[in-house]
Amino acid sequence: MTIADRGFHYVWPNSLGGTEDLQRWDWELLGSVVQGVIDRGGIGRPAALRLAVHIRGGEAEARLLQLEVEGMAAAWFDGKPESTYVAGGPGDGSDPIPGENPGMPTVTALKWPSGESAVLSVSAGAKGPTGGNVMLMGSHGTVYHDIGPSAIDGPESRSE
Amino acid sequence: MATYGVVAVGGNRTHLESYARAFAIDPRCELIAVADEPGLSEYREGLNRLLASELGVPYLPLEQALARDDVHIVCMCADVERRGRVASSCAAAGKHLYLDKPLAGSVEDAETIAGAVEAAGVVNQMFTHVTTGWAGAAKQAIESGEIGELRAVHCDMLMAKGRPGTVPPGTVRQERPSDGRFTFVEAKRELFDMGVYPISLLTWLTGQRVKTVYGVTGNYFFKEHESLGIEDFGLLVLTMEDGLVASITAGRIGATSHPRGGQQRVTLIGSSGIATFSEGEPHIEVFNGDPPFVAPTVHPFDPMSMWASTSRDVQPGPKDRWLPFDVTEQRADIEAFVDCVETGSVPEVTARDAVHHIEVIMAGYKSAASGEAVEL
């Protein structure tokens, strides 16, 4: 399973048996559980999103991930943004070894007509585990989530 | 016997409340007086005199304090709008300067301060988070090459204070270029006051200046900010001089919106992966039958819980569910400054560095007002 398939597994160390449990993690599930918090008024009106994620992969995976993340933000803020500003991105990076280094993270600032905002950093690289963090600030509460190593990263990057 | 006499400029309801006490407990320092300019408002002078009384030192006219030979250091927390003038006169008197953040309310005032301390040759440092353990760990990760070639830096400073959820429904902020006013009783401009932390951390970590600034500000949480016409949240997307990309978020999100004092964090992305360093990590979490944290009673003269002197009147219960392994005390930054005074070395963040922080913040306001990126 890949990011492009909208899902990857989150690896948790099993502290009892020493073996790993693979628990399902994907953007859709994250989006859904956060939407539940929003719907029951758990954070008030969603106001600002801070998200940074880095995955093991290449430019294609990063582009798909960007779409995924922007879609999630649009769902939480209940509509499309009115303005977008982008800095960085794979085209900005030096790439001494083709295919080895997809380049710079894409940092995107989004603003919605009713004032909400988001700043998203999406990147992919050949090395290191998937990771990042999500923070959705609402008018009277905030959701935090840490994105951990993924099963698609391969065994060398998993928790011991 | 202490080596350095210290004069504290400012009073209660400024950061001098904590800075002055940190100097007072440093065995190398002796607090000589609280001082400030003549002709202040009754409100400000009263708060200055109150702090002097609490600290057990006299309150003196600034000129008189600066003329004393037993004063070597000035801790400067004058109102933002007066900082250019006050800090320059302290430097001209040959006093080493520990400067409150942000340095000044305009690039011109910041330049005035930097020029004055350089001309006087005094040791000068602005308060930041670069002396914290987590900032040091982030720096080490960059310098050791652990994260590979640095590609992006994302810093957050979101203060968990105040009672959120009070901003009037339908509020959509329209930013305006700075009008030069930063001192209010009820609240602060948060991109200015909180934004200086992540900006200073970013420039310190990378050793680079910001080249391009894109900003967004908002009124998301508090009626107090909205009624004053100031923002409670800001974000900046930045391009550094060598093409590195960065972003910051800064603001005040409410007392109940974080398990500790707020989100203080930096995320580094390099060619070898991603790493996050935070004030609260690593930590343990405690669950038990104790009552949960509740937002403190709103103080009529400090609804954002900005100052210890007012917060103690409406003391909230402790936030004790989420406990970091290690916490850097605020006095570490002052100890680092006194170290520099002792050795004659240059502090990690000087007034000259801080001029650039103000340039970035002001560009952020300009960008948020226009919707366009600003080149520095």
Side-chain angles (χ1 to χ4, degrees), chain A residues 43-56 82-83 85-89 92-94 100-121 123 125-133 135 137-144 146-147 149 153 157, chain B residues 147-149 151-152 154 156 158 160 163-167 169-174 212 214-222 232-239 243-249 251 253-254 256-259 263 265 267 269-276 278 281 367-368 371-373:
Chain A
I43 59 169
R45 184 174 71 94
L49 171 64
R50 160 62 116 174
L51 185 150
V53 60
H54 177 85
I55 57 166
R56 169 97 43 111
E82 68 175 1
S83 69
Y85 175 80
V86 181
D92 281 9
S94 59
E100 182 76 10
N101 179 357
M104 298 293 286
T106 301
V107 183
T108 309
L110 304 168
K111 190 173 179 188
W112 276 260
S114 41
E116 301 91 340
S117 59
V119 58
L120 316 171
S121 174
S123 54
K127 299 176 184 173
T130 289
N133 40 66
M135 179 168 46
M137 292 157 269
S139 57
H140 64 68
T142 297
V143 170
Y144 300 92
D146 289 332
I147 301 167
D153 290 342
S157 65
Chain B
I147 62 161
E149 181 190 342
R151 301 277 173 74
H154 304 301
D156 304 304
L158 297 154
R163 187 177 292 262
T166 58
V167 70
T171 299
V172 180
R173 179 165 185 77
Q174 176 55 57
T212 306
Y214 178 83
V216 177
T217 55
N219 282 111
Y220 297 147
F221 310 106
F222 302 107
D232 57 24
F233 178 86
L235 70 84
L236 302 178
V237 175
L238 308 165
T239 306
L244 184 82
V245 289
S247 66
I248 70 129
T249 66
I253 59 177
T256 48
S257 294
H258 188 270
Q263 184 69 280
R265 179 177 70 182
T267 298
I269 301 166
S271 55
S272 297
I274 184 168
T276 296
S278 161
E281 298 293 351
S367 171
E372 303 291 332

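The chains referred to below are lettered A, B, ... by the order of the sequence lines, with proteins before strands, and numbering in each begins at 1.
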Query - Considering all heavy atoms, the nearest Val107(A)-Ala246(B) contact - result: CG1-O, 4.4 Å

Query raised in the report: Which atoms form the tightest heavy-atom contact between Met104(A) and Leu244(B), and what is the distance?
Result: CE-CA, 3.7 Å

Query raised in the report: Does Tyr214(B) reach the main-chain N or O of Thr108(A) with its side chain, forming a donor-acceptor pair under 3.5 Å?
Result: no

Query - Gap between atom CG of Asp232(B) and atom CE of Met137(A) - 0.5 Å precision - result: 11.0 Å

Query - Residue pair Pro105(A) / Val245(B): nearest heavy atoms and the distance that separates them - result: O-CG2, 3.8 Å

Query raised in the report: When only pairs under 4.5 Å are counted, which of His140(A), Arg50(A), Arg45(A) shares the most heavy-atom pairs with chain B?
Result: Arg50(A)

**Report entry** Under 4.5 Å from a heavy atom of chain A, the part of Thr166(B) involved
**Finding:** neither

Query raised in the report: Is chain A contacted by the side chain of Thr249(B), its backbone, both, or neither, given a heavy-atom distance below 4.5 Å?
Result: both

Report summary line: For Val237(B) and Ala87(A) the tightest heavy-atom approach is CG1-CB, 3.7 Å

Query raised in the report: Which bit of Thr267(B) is near chain A, if near means a heavy-atom gap under 4.5 Å: side chain, backbone, both or neither?
Result: side chain

Query - Atom group of Gln174(B) that falls short of 4.5 Å from chain A, counting heavy atoms - result: neither

Query - Side-chain heavy-atom pair Gln263(B), Thr142(A) within 4.5 angstrom cut-off - result: no

Query raised in the report: Top residue by heavy-atom pair count (under 4.5 Å) with chain A, among Gly148(B), Ser257(B), Gly165(B)?
Result: Ser257(B)

Query - Residue, of Ser139(A), Gly132(A), Gly44(A), Gly138(A), that accumulates the most heavy atom pairs under 4.5 Å with chain B - result: Ser139(A)

Query raised in the report: Which bit of Phe221(B) comes within less than 4.5 Å of chain A, counting heavy atoms only: side chain, backbone, both or neither?
Result: both

**Report entry** Nearest heavy atoms of Ser247(B) and Val119(A), plus distance in Å
**Finding:** CB-CG2, 3.8 Å

**Report entry** chain A interface, residue from Ala373(B), Gly215(B), Gly273(B), Ala160(B) that has the most non-hydrogen pairs under 4.5 Å
**Finding:** Gly273(B)

Query - Portion of Arg265(B) that has a non-hydrogen atom of chain A nearer than 4.5 angstrom - result: side chain

Requested in this report: Taking all heavy atoms of Ile269(B) and all of Ser121(A), pick out the closest pair and write down the distance.
Outcome: CD1-OG, 3.6 Å

Query raised in the report: Tell me, side chain or backbone of Val216(B) under 4.5 Å from chain A's heavy atoms, or both, or neither?
Result: side chain

Query raised in the report: So which part of Ile147(B) gets closer than 4.5 Å to some heavy atom of chain A, the side chain, the backbone, both or neither?
Result: neither

**Report entry** Interface moiety of Thr276(B) toward chain A, non-hydrogen atoms closer than 4.5 Å
**Finding:** side chain

Requested in this report: Could you check which of Ala48(A), Ala52(A), Pro113(A), Ser117(A) has the highest count of heavy-atom pairs closer than 4.5 Å to chain B?
Outcome: Ser117(A)

